[in-house]
Amino acid sequence: MEIIQQLVNGISLGSIYALIALGYTMVYGIVKLINFAHGDVFMVGSFVGFYSITFLHLSFFPALILSMVACALFGVLIERIAYKPLRNATRIAALITAIGVSLLIENGMIFFRGAQLEAYPNDILPTNKINLLGVTVESKSLLILGVSVALMIILQFVVHKTKIGKAMRAVSHDAEAAKLMGINVNNTISATFAIGSSLAGAAGVIFGTYYYKIEPLMGVIPGLKAFVAAVLGGIGIIPGAMVGGLLLGVIESLVSAAGGSLWRDGVAFIVLILILIFMPQGIFGKNKREKV
């Protein structure tokens with residue numbers, strides 16, 4: 001029964017990684033850029049959620065929506081100011097810019113509000129325990145998992161059934177051909193950043209309600225782990241980011257349960273090394289590739 005408990009914990013944690021990883025994989029699928037500032041958008045989303053709950057006295061779902069909207073706008077701002085001028089630059093120039101934007105966001109947050117920790121109120125979500133097949137599960141974990149899965153389903157609908165989703169897939173496949181067919185490539189790229197950033201914002205609020213403590217550098221490790229999850233599933237492949245995030249969360253929880261809690265951060269990077277050596281294309285692979 002203990003292993004089932006750990007699986008539930010791992011899937012809840014993995015759903016947070018998956019939401020962040022989706023932003024990495026969508027942006028890479030469109031513009032072939034690893035947006036290392038994405039973890040800091042997650043951090044900003046967490047703080048927007050915190051201030052929405054504590055100062056505006058919003059409940060969980062309105063705070064979640066407000067954070068998603070704020071992060072979507074923030075993501076578009078980052079893309080237009082930092083990445084759009086480098087659209088035709090070398091990959092290394094864009095990568096260095098992404099790292100610079102990440103450092104700017106982190107240190108900007110510290111400059112304006114200080115480096116001290118904040119704590120989400122512990123009464124935002126119900127904390128009662130539910131007995132499922134003899135296993136005690138927190139209702140909070142199930143709610144978080146439900147919200148994350150719902151957002152992933154909505155994303156799949158947007159990508160496959162809407163006009164902007166079709167434009168995103170067209171630009172991902174061949175940007176020049178998409179432009180010749182009348183698709184506004186710049187707006188499509190901005191929409192991709194907006195959607196990916198909104199999911200990171202949602203992940204930030206979910207993280208805050210689950211772990212309570214937030215601070216300006218909190219986006220570094222989850223951001224890197226989400227990148228590992230995206231590589232694990234196959235970078236540029238949306239279902240791969242979902243599966244990779246969930247798998248990574250489960251692996252971490254099982255390692256912690258086995259007494260290796262000190263290794264839980266390290267295990268993500270061990271997974272990255274193994275994937276790059278033995279399966280560099282990721283789980284979903286190039287042969288089964290489904291781009292954004």
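What you are looking at is a predicted structure, and each value in this text was computed from that prediction instead of being measured. Each residue takes its place number in the sequence, starting with 1.
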For this session: Report yes or no: do I65 and V41 belong to one cluster of Ile/Leu/Val/Met/Phe/Trp/Tyr joined by side chain heavy-atom distances under 4.5 Å?
Result: no
Seminar exercise, completed: Of E215, E118, E106, the one forming a salt bridge (Lys or Arg N to Asp or Glu O under 4.0 Å) with R113 is E118
Exercise. Is any side-chain heavy atom of Q281 less than 4.5 Å from a side-chain heavy atom of I235?
Worked result: no
Seminar exercise, completed: For A21 and A229 the tightest heavy-atom approach is CB-CB, 4.1 Å
Exercise. Is the closest side-chain heavy-atom distance between F193 and I30 below 4.5 Å?
Worked result: no
Exercise. Which heavy atom in M242 sits nearest to a heavy atom in A18, and how many Å separate them?
Worked result: O-CB, 3.8 Å
Exercise. If we ignore angles and hydrogens, is there a donor and acceptor under 3.5 Å between the side chains of N186 and R87?
Worked result: yes
Expected list for residues 202-210: side-chain donor-acceptor pairs under 3.5 angstrom, two or more places apart:
residue : atom : partner : partner atom : Å
T209    : OG1  : V205    : O            : 3.2
T209    : OG1  : I206    : O            : 2.8

Exercise. Is a side-chain N or O of T25 found less than 3.5 angstrom from the main chain of I237, in a donor-acceptor match?
Worked result: yes
Exercise. Do L103 and L224 share a hydrophobic cluster (ILVMFWY, side-chain heavy atoms under 4.5 Å, transitive)?
Worked result: yes
Exercise. Taking all atoms of both residues into account, what is the closest heavy-atom pair of A230 and Y24, and its distance?
Worked result: CB-CB, 4.3 Å
For this session: Would you tell me whether S102 and D40 have side-chain atoms, one donor and one acceptor, within less than 3.5 Å of each other?
Result: yes
Problem set entry | Under 3.5 Å: donor-acceptor pair, side chain of S197, backbone of A194 | no
For this session: Determine, using the 4.5 Å side-chain heavy-atom cutoff (strictly less than), whether V31 and I96 are members of one ILVMFWY cluster.
Result: yes
Problem set entry | Closest non-hydrogen atom pair between A98 and I34, with its separation | CB-O, 3.7 Å
For this session: Write out all pairs satisfying ring-ring contact (aromatic ring centres under 6.0 Å, His included) with one or both partners inside residues 90-125, taking only residues at least two apart or from two chains.
Result: F50-Y120
Exercise. Could you walk me through whether N9 and L13 pass the side chain to side chain contact (heavy atoms under 4.5 Å, CB included) check?
Worked result: CA-CA 6 Å; N9 293 341; L13 174 62; over 6 Å; no
Exercise. Tell me, do I16 and P222 make a side-chain contact under 4.5 Å, heavy atoms counted?
Worked result: no
Exercise. Are the side chain of S52 and the backbone of V48 linked by a donor-acceptor contact shorter than 3.5 Å?
Worked result: yes
For this session: Indicate yes or no: at least one non-hydrogen side-chain atom of F60 is less than 4.5 angstrom from one of V147.
Result: yes
Exercise. Between M68 and L151, is any pair of side-chain heavy atoms under 4.5 Å apart?
Worked result: yes
Exercise. Is any side-chain heavy atom of Q156 closer than 4.5 Å to a side-chain heavy atom of H160?
Worked result: yes
Exercise. Within 45° of the axis and under 6.0 Å from the centre of the six-membered ring of Y28, does NZ or CZ of K32 qualify?
Worked result: yes
Seminar exercise, completed: CD1 (I164) and OG1 (T188) are apart, to the nearest 0.5 Å, by 4.5 Å
Exercise. With no hydrogens and no angle check, is any side-chain donor or acceptor of S46 less than 3.5 Å from a backbone partner on F42?
Worked result: no
Problem set entry | Hydrophobic cluster identity match, F269 and L248, side-chain contacts under 4.5 Å | yes
For this session: Answer with yes or no whether the hydrophobic clustering places I277 together with L232; edges join I, L, V, M, F, W, Y residues whose side-chain heavy atoms lie under 4.5 Å apart.
Result: yes
Problem set entry | Contacts of E252 that satisfy salt bridge (Lys or Arg N to Asp or Glu O under 4.0 Å) - sequence neighbours left out | K225, R264
Exercise. So how far is it from T97 OG1 to I78 CD1, rounded to the nearest 0.5 Å?
Worked result: 12.5 Å
Seminar exercise, completed: Closest non-hydrogen contact found for S172 with G29 is OG-O, 2.9 Å
Seminar exercise, completed: CD1 of I238 to CE of M168, rounded to nearest 0.5 Å, is 6.0 Å
Problem set entry | Nearest-0.5 Å distance that lies between atom CG in L7 and atom CG in L246 | 11.5 Å
Problem set entry | Donor-acceptor pair, side chain of S190 and main chain of V76, under 3.5 angstrom | no
Exercise. How long is the gap from CG on L19 to CG on L155, to the nearest 0.5 Å?
Worked result: 9.0 Å
Problem set entry | 4.5 Å side-chain heavy-atom contact, E176 and K179 | yes
Problem set entry | Residues V44, M109; criterion side chain to side chain contact (heavy atoms under 4.5 Å, CB included); working and verdict | CA-CA 8 Å; V44 169; M109 183 64 86; 4.2 Å; yes
Problem set entry | Criterion side chain to side chain contact (heavy atoms under 4.5 Å, CB included) on L247 and I283, from CA distance to verdict | CA-CA 11 Å; L247 266 177; I283 292 169; 3.5 Å; yes
Problem set entry | Residues Y83 and N35: side-chain donor-acceptor under 3.5 angstrom | yes
Exercise. Do the non-hydrogen side-chain atoms of F47 and P216 ever get within less than 4.5 Å of each other?
Worked result: yes
Exercise. Which value, rounded to the nearest 0.5 Å, describes the distance between S148 atom OG and I11 atom CD1?
Worked result: 11.5 Å
For this session: Compare every heavy atom of L33 with every heavy atom of L95, then report the nearest pair and how far apart it is.
Result: N-CD1, 4.4 Å
